[in-house]
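Right, one structure below, let's go through it.
Reminder, nothing fancy here: chain letters follow the sequence lines and each chain counts from 1.
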There are 2 protein chains.
Amino acid sequence: MPRRTPNPHTAAGERILATASELFYERGIRGVGVDLIADEAGVTKKTLYDRFGSKDDLVAAYLRRRRERWVDWFSARLAARVAAGARPGAERVLAALEIAEEWAQDNRRGCAFVNAHAEIGGLDHPGNAVVLEDKRYMLAAFTDLLREAGYPDAEARGAQVHLLYEGAIIAHTTHAQPDAFGTARAAAATLLASTAAR
Amino acid sequence: MPRRTPNPHTAAGERILATASELFYERGIRGVGVDLIADEAGVTKKTLYDRFGSKDDLVAAYLRRRRERWVDWFSARLAARVAAGARPGAERVLAALEIAEEWAQDNRRGCAFVNAHAEIGGLDHPGNAVVLEDKRYMLAAFTDLLREAGYPDAEARGAQVHLLYEGAIIAHTTHAQPDAFGTARAAAATLLASTAAR
DNA sequence: CTGCGAGTATACCGACCTGTGTGGTTACGT
DNA sequence: ACGTAACCACACAGGTCGGTATACTCGCAG
């Protein structure tokens with residue numbers, strides 16, 4: 001066989017992915033058909049299938065793209081805070097949670113990976129790996145921030161902060177708590193102060 | 001008008017709701033058609049629409065049923081722990097998190113309300129109210145547990161524990177953390193000890 | 001015994017779904 | 001100038017979606 005899915009990185013492929021990304025996030029994966037995506041992208045279904053092979057693969061590409069964007073944006077934003085004087089440890093963790101809140105303001109449908117995981121039934125879906133990748137990345141981000149500050153229990157505390165982060169996204173998106181990220185930051189501050197005071 | 005959706009509480013209606021509840025949770029709301037539900041319940045589509053009016057209303061009924069079941073099970077389980085000697089405050093909060101973990105073991109697709117919220121696009125969907133209801137209930141459950149123990153900052157600490165609870169469910173179902181609920185309990189213990197020690 | 005609600009079976013509707021196929025056109029590199 | 005990749009337009013397949021319609025049977029309470 002030549003190539004199963006040749007190379008999506010063409011002008012039309014880019015448009016398809018951009019369109020699909022917005023539609024998938026806004027209306028849900030199952031709520032969007034490939035016809036609509038092709039139409040909105042100004043492309044025929046033929047081209048879509050030539051570029052991406054299947055809807056499932058397009059979904060996986062969407063998740064990868066979204067993850068890429070988030071990682072770039074998040075790390076750049078965090079680096080800026082570091083450059084602006086955020087000291088290692090608690091200060092940087094709280095900054096990370098502030099950045100997450102900032103992002104959540106513009107993404108009212110919540111975490112794309114949680115949503116995708118909810119919509120994707122089968123475990124064999126090519127998108128599931130990306131979902132897990134994202135969650136593990138954020139977990140590692142928090143533990144790394146604590147480890148670099150010399151916290152002896154960076155693993156444990158990082159995991160705890162990670163739960164606060166995930167919970168805040170849910171509580172924010174479902175409107176369960178009006179100031180979910182503020183709550184998360186308060187909790188994180190207490191947790192990290194408790195360690196530092198030891 | 002006589003009655004928009006007459007009365008779902010008939011023998012067939014019960015079978016429909018039971019079948020729909022399992023299918024909706026296991027395969028996702030959008031992943032299940034009304035034809036399948038009717039078939040599995042041994043009922044015609046006519047009957048299904050006579051009982052529930054629309055798929056959206058059936059979805060709302062599913063969420064209400066699921067919430068009812070969870071509230072009953074959770075509160076009974078918690079009452080048993082109280083009867084077994086769990087003291088007010090941290091002990092009961094940790095017990096609640098243990099109960100949630102127990103429940104999560106048997107519900108591998110995670111929180112039905114989070115999943116539903118992810119699948120339901122429009123804010124006008126009759127199921128959205130139930131989702132919010134559940135989240136607010138669990139938030140109140142934690143704050144109540146702390147208030148009854150005389151915590152001065154029951155509101156704030158309860159909200160923080162609620163985030164840990166929501167985060168643990170996400171981290172557990174996405175396999176982001178192997179022992180998400182253990183992590184949540186450790187964090188909750190630290191938070192509540194921090195208050196008590198003050 | 002009669003009236004009625006509940007449920008049955010079957011067929012249908014228009015719209016939508018993912019995916020495939022056949023051709024024709026444009027643009028670009030060699 | 002020629003080949004090739006990318007793209008277009010159009011049509012179609014086979015199936016599912018939510019929802020409706022007609023007409024029949026059954027059990028039971030008045």
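Annotation: cation-pi geometry satisfied between A:Arg67 and A:Tyr137 (NZ/CZ under 6.0 angstrom from ring centroid, within 45° of ring axis). Because its NZ or CZ atom is both nearer than 6.0 Å to the ring centre of A:Tyr25 and within 45° of the ring axis, A:Arg66 counts as a cation-pi partner of that residue.
Atom-to-atom, CG of A:Leu17 to P of D:dA6 comes out at 16 Å; the value is rounded to the nearest Å. Taking atom CG of B:Asp50 as the reference point, atom P of D:dA21 lies 11 Å away to the nearest angstrom. With rounding to whole Å, A:Leu48 atom CG is found 11 Å from D:dC8 atom P. For the pair B:Glu14 CD and C:dA6 P, the computed distance is 14 Å after rounding to whole Å. A straight line from OH of B:Tyr49 to P of D:dC17 spans 10 Å, rounded to a whole angstrom. Look at NE2 on A:His125: it is 13 Å from C1' on C:dT18, rounded to the nearest Å. Atom CG of A:Leu36 is separated from atom C1' of C:dA15 by 14 Å (rounded to the nearest Å). In this structure, the CG atom of B:Leu58 is 15 Å from the C1' atom of D:dC17, given to the nearest Å.
Of the listed nucleotides (C:dT10, C:dG19, C:dG7), C:dT10 has the atom at the smallest distance from the side chain of B:Thr44. Side chain of A:Asp35, nearest nucleotide from C:dT18, C:dA9, C:dG21: C:dT18. Taking the side chain of A:Lys46 as heavy atoms from C-beta on, and the options C:dT8, C:dT18, C:dT22, the nearest nucleotide is C:dT22. Closest contact between the side chain of B:Val43 and the listed nucleotides D:dC7, D:dC12, C:dT8 involves C:dT8.
Side-chain atoms of B:Ser21 and B:Arg65 include no donor-acceptor pair closer than 3.5 Å.
Checking the phosphate oxygens (OP1, OP2) of D:dG18, no side-chain nitrogen or oxygen of B:Ser54 falls inside 4.0 Å. Note on A:Thr47: a side-chain N or O is less than 4.0 Å away from OP1 or OP2 of D:dC8. Dashed line: the shortest gap from a side-chain N or O of B:Thr10 to OP1 or OP2 of C:dG7 is under 4.0 Å. Under 4.0 angstrom from either OP1 or OP2 of C:dG7 there lies at least one side-chain N or O belonging to B:Arg51. At D:dT16, none of the side-chain N or O atoms of A:Arg30 fall inside 4.0 Å of OP1 or OP2 (strictly under the cut-off).
Across all strands, A:Gly42 comes closer than 4.0 Å only to sugar-phosphate atoms, never to a base (heavy-atom distances).
Between the side chain of A:Arg108 and the main chain of A:Thr173, no donor-acceptor pair closer than 3.5 Å is present.
In the hydrophobic cluster analysis, where Ile, Leu, Val, Met, Phe, Trp and Tyr join through side-chain heavy atoms closer than 4.5 angstrom, B:Leu78 is grouped together with B:Leu146.
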